[in-house]
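A note on names: the letters A, B, ... follow the listed sequences, proteins ahead of strands, and every chain is numbered from 1. Owing to the predicted nature of the structure, the values given are computational and were not obtained by experimental measurement. Computation of the quantities below employed the complete heavy-atom set of this structure, encompassing side-chain atoms and omitting hydrogens, waters and symmetry-equivalent molecules.
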Amino acid sequence: MKLSQELAWRGFTNQTTLKDITVLDSEKITFYWGVDPSSNSMTVGNLAIAMMVLHFISHGHKAVLLVGGATGLIGDPDGKDEERDLKTVEEVAKNKAGIALQYQQIFAGQPFTIVDNYDWFKDFGYLQFLRDVGKHFSMTQLLQRDFIQSRIGQGGKGISYAEFSYSLIQGYDFLHLFRTKGVTLQVCGADQWGNSISGVDLIRKVEGGEAHIWSAPLVVNKATGKKFGKTENGAIWLDSSKTSVFDFYQFWLNADDQGVLDYLKIYTLLTKDQIDSLMGEFTQNPAGRAAQKALAYEVTKIVHGEAEAKKAKEATATLFSGEASDLTPIVQMPEGEHEVIEVLVKAGLATSNSEARRLFDQGGVKLNQQKVGSPRVTLKSGDLLQVGKRRFVKIS
RNA sequence: GCUGGGAUAGCGAAGUGGUCAAACGCAUCUGACUGUAAAUCAGACGACUUAUGUCUUCGGGGGUUCGACUCCCUCUCCCAGCACCA
């Protein structure tokens, strides 16, 4: 399948400055994608774009992956309704390293270059920046952006000059990469369109050059109509210390029926035929959850590797039949009789005694698949303690 | 700098001297029903104890009062308008 068709079929098309998208099929170009180091890990939101980047690479385009060391020090105001606290240099450095590592994992085996915009901003003088970059931005245009309007209008939370300037920094990134690496395309999420377009204008004004943007739509959970990738525990991270491999796998396994086709197309590299056949099976027998199972396994494989994906799959199979597995968190607890409340808190299944009591009162506590009805339980090593439907802890 | 408006639990938002641990909505949690889905229904949703009691909360600090989220002073931050703008 040609790249333009692939992108369209998988649902990666949103807005682009390209008049004719088939140039992506006929020409080999260099493009870039950037991630803001506001955390030391990407989320499944970033992963969607990463998957798209993967398709660009596999169709022969050269990838430049940017970590926003400079932009991270400022903070992207886009989509935020409130000014953010500045991160320290150390924190940004740590986050950059985390993002770069994830680039290496996701794009393992593929050709790509990683750059850091801090490298070209750290010695860029303020006056120089205003003359070279600031001069080319129209205040009227900057002020008209929706999120600026919502921040400075009545009821807005205000915005500092620093965050306001974010767009200029990102715009210059594009110009710099255009000049030094021949980058002519930026790919981004739909929410970054405004920031990205400023680079296109800048390149045209300063260099008289032509550069383009390809934006992917925000992945939306069709069942709820909300941005995909958030759960009760917050965002789903790619870093296993923030979202365990098991939770990550579970997240995908619990994908809603309506959205699972979209997610398969976006988040896996399965071919059209494979996906069609999976969906056929799934439609015949929704309860078999064939589509979700494939999705969970494939995505976990891409992010955490095949071995981890297998473990998560096995853990799931055994856990729901009542056995602990390698991936079940283990809690040290002396054998013998205990207060249920106390055990729940110590096991981290409840944050306070009140919460533990509530869970117990509402019948949400199970020990080895049996509902715990008495306030005292007898524990022994190897017991499987469960709260709700899918939170497990193994006693040792 | 001046004038006015505002800051309430994860978010939004009521509450203008006691009946406020604080309405309501969203989010979240548990249960029922299911397919570890969605929808629906029921309950919970500061902490400690368990019985219906104690303690800590309504931007920070101080005060008035028997008693304050509610009144006064002050500080911090936000918004709007005005003024200033070499």
Side-chain angles (χ1 to χ4, degrees), chain A residues 77 79-86 148-161 163-164 220-236 244 246-264 278-279 281-297 300 312-323 325 327-328 339-342 344-345 348-367 369-376 384-392:
Chain A
K80 311 292 185 305
D81 59 5
E82 190 167 341
E83 183 86 7
R84 298 194 289 177
D85 291 333
L86 284 177
I148 295 289
Q149 287 300 321
S150 71
R151 288 276 287 267
I152 63 178
Q154 185 117 35
K157 293 269 169 74
I159 183 166
S160 68
Y161 180 70
E163 279 197 14
F164 177 76
V220 169
N221 182 330
K222 278 188 182 161
T224 61
K226 297 201 174 126
K227 191 173 165 184
F228 181 65
K230 300 268 184 196
T231 66
E232 57 276 15
N233 299 317
I236 298 293
S244 74
F246 181 72
D247 288 343
F248 186 80
Y249 182 89
Q250 286 289 317
F251 168 75
W252 297 101
L253 192 62
N254 286 318
D256 56 292
D257 288 7
Q258 292 174 60
V260 72
L261 172 61
D262 288 353
Y263 309 148
L264 278 170
L278 266 175
M279 288 309 290
E281 190 184 332
F282 173 67
T283 314
Q284 287 291 308
N285 175 24
R289 308 166 61 79
Q292 281 91 341
K293 283 177 183 165
L295 176 69
Y297 183 73
T300 308
K313 190 177 171 182
E314 283 159 19
T316 296
T318 54
L319 206 48
F320 286 92
S321 63
E323 287 170 49
S325 75
L327 295 179
T328 314
E339 293 282 341
V340 177
I341 311 282
E342 187 192 338
L344 290 177
V345 173
L349 292 170
T351 55
S352 67
N353 288 359
S354 301
E355 189 185 340
R357 200 181 312 275
R358 213 174 288 137
L359 289 167
F360 172 72
D361 287 346
Q362 294 179 138
V365 184
K366 285 183 193 161
L367 183 65
Q369 309 274 291
Q370 297 290 315
K371 183 186 277 190
V372 175
S374 111
R376 295 185 72 84
L384 190 64
L385 189 65
Q386 177 182 0
V387 162
K389 275 178 187 165
R390 48 188 106 111
R391 289 164 65 206
F392 299 89

- Task: Compare all side-chain heavy atoms of A/Leu349 with those of A/Leu359 and state whether any distance is below 4.5 angstrom.
- Result: no
- Any donor-acceptor pair under 3.5 Å between the side chain of A/Gln362 and the base of B/G43? yes
- Message: How many whole angstroms separate atom CD of A/Glu355 from atom C1' of B/C45?
- Response: 9 Å
- Item | Value in whole Å for how far the C1' atom of B/A44 lies from CG of A/Leu359 | 10 Å
- Searching all strands shown, indicate the nucleotide that pairs with B/C41 (Watson-Crick or G-U wobble; both distances under 3.5 Å). B/G31
- Query: Looking only at heavy atoms, which two atoms of A/Val340 and A/Ser374 are closest? And how far apart?
  - Reply: CG2-O, 3.4 Å
- In whole Å, what separates the P atom of B/C24 from that of B/A14? 15 Å
- Task: Quick one: look up who B/G1 pairs with, Watson-Crick or G-U, both distances under 3.5 Å, and put none if it's unpaired.
- Result: B/C82
- Message: Is the phosphate of B/A47 approached by A/Arg358 (side-chain N or O, under 4.0 Å from OP1 or OP2)?
- Response: yes
- Task: Only counting residues at least two apart or in another chain, list the ones meeting side chain to side chain donor-acceptor pair (under 3.5 Å) with A/Thr351.
- Result: A/Glu355
- B/U16: pairing nucleotide in any strand, Watson-Crick or G-U under 3.5 angstrom: none
- Which residue lies more 5' along RNA chain B, comparing A/Ser352 with A/Gly364 via nearest heavy atoms: A/Gly364
- Rounded to whole angstrom, note down the C1' distance from B/G10 over to B/C29. 13 Å
- Task: Apply salt bridge (Lys or Arg N to Asp or Glu O under 4.0 Å) to A/Glu342 and list each qualifying residue two or more places apart in sequence or on a separate chain.
- Result: A/Lys346
- Query: Rounded to the nearest Å, what distance is computed from the CZ atom of residue A/Arg357 to the P atom of nucleotide B/A47?
  - Reply: 11 Å
- Task: Mind checking side-chain contact (heavy atoms from CB on, under 4.5 Å) for A/Lys293 and listing every partner two or more places apart, or none if nothing turns up?
- Result: A/Leu253
- Message: Please report the distance separating the P of B/U70 from the corresponding atom of B/C58, rounded so that it comes out in whole Å.
- Response: 9 Å
- Apply side chain to side chain donor-acceptor pair (under 3.5 Å) to A/Ser244 and list each qualifying residue two or more places apart in sequence or on a separate chain. A/Asp247
- Mate of B/G67 where both pairing distances stay under 3.5 Å, Watson-Crick or G-U: none
- Distance between P atoms of B/U64 and B/C69 (Å, rounded): 15 Å
- Would you mind building the protein contact string for nucleotides 32-37 of chain B? One character per nucleotide, 5' to 3', B for base within reach (heavy atoms under 4.0 Å), S for sugar-phosphate only, - for untouched. -BBBBB
- Interatomic distance at C1', B/A68 relative to B/U50, whole Å: 29 Å
- Task: Go through the structure and list residues passing ring pair (Phe, Tyr, Trp, His ring centres under 6.0 Å) with A/Phe392, not counting sequence neighbours.
- Result: A/Phe320
- Any residue meeting side-chain contact (heavy atoms from CB on, under 4.5 Å) with A/Leu261, in chain and number order, not counting sequence neighbours: A/Lys265, A/Ile275, A/Met279
- For A/Asp257, check salt bridge (Lys or Arg N to Asp or Glu O under 4.0 Å) against everything at least two apart and list the hits. none
- Measure the distance from NZ on A/Lys366 to C1' on B/C29 and round it to the nearest whole Å. 15 Å
- Query: Across all strands shown, which nucleotide pairs with B/C48 by Watson-Crick or G-U wobble geometry, both distances under 3.5 Å?
  - Reply: B/G53
- Atom CG of A/Asn353 and atom P of B/C45 are separated, to the nearest Å, by 15 Å
Please list, for nucleotides 54-56 of chain B, all pairs of protein and nucleotide N/O atoms separated by less than 3.5 Å.
none

- Is A/Ser354 touching bases, backbone alone, or none of the nucleic acid, heavy atoms closer than 4.0 Å? base
- Message: What I'd like to find out is whether the side chain of A/Asn254 reaches to under 4.5 Å of the side chain of A/Arg289, using heavy atoms alone.
- Response: yes
Collect all protein-nucleotide pairs involving nucleotides 21-23 of chain B in which both atoms are nitrogen or oxygen and the distance is under 3.5 Å.
none

- Between OH of A/Tyr263 and CD of A/Gln292, what distance do you get to the nearest 0.5 Å? 10.0 Å
- Partner residues of A/Arg376 under the salt bridge (Lys or Arg N to Asp or Glu O under 4.0 Å) criterion, sequence neighbours left out: A/Glu337, A/Glu339
- Over how many whole Å does the gap from A/Phe360 atom CZ to B/A51 atom C1' extend? 15 Å
- Quantified in whole Å, what is the P atom distance between nucleotide B/A47 and nucleotide B/A23? 15 Å
- Counter-base of B/A7, judged by Watson-Crick or G-U geometry with both distances under 3.5 Å: B/U76
- Item | Distance, C1' atom - from B/A9 to B/G5, rounded to whole angstrom | 23 Å
- Message: Under the rule for side chain to side chain donor-acceptor pair (under 3.5 Å), what residues qualify as partners of A/Gln386, not counting sequence neighbours?
- Response: none
- Task: Write down the distance separating the C1' atoms in B/G25 and B/U8, rounded off to the nearest Å.
- Result: 15 Å
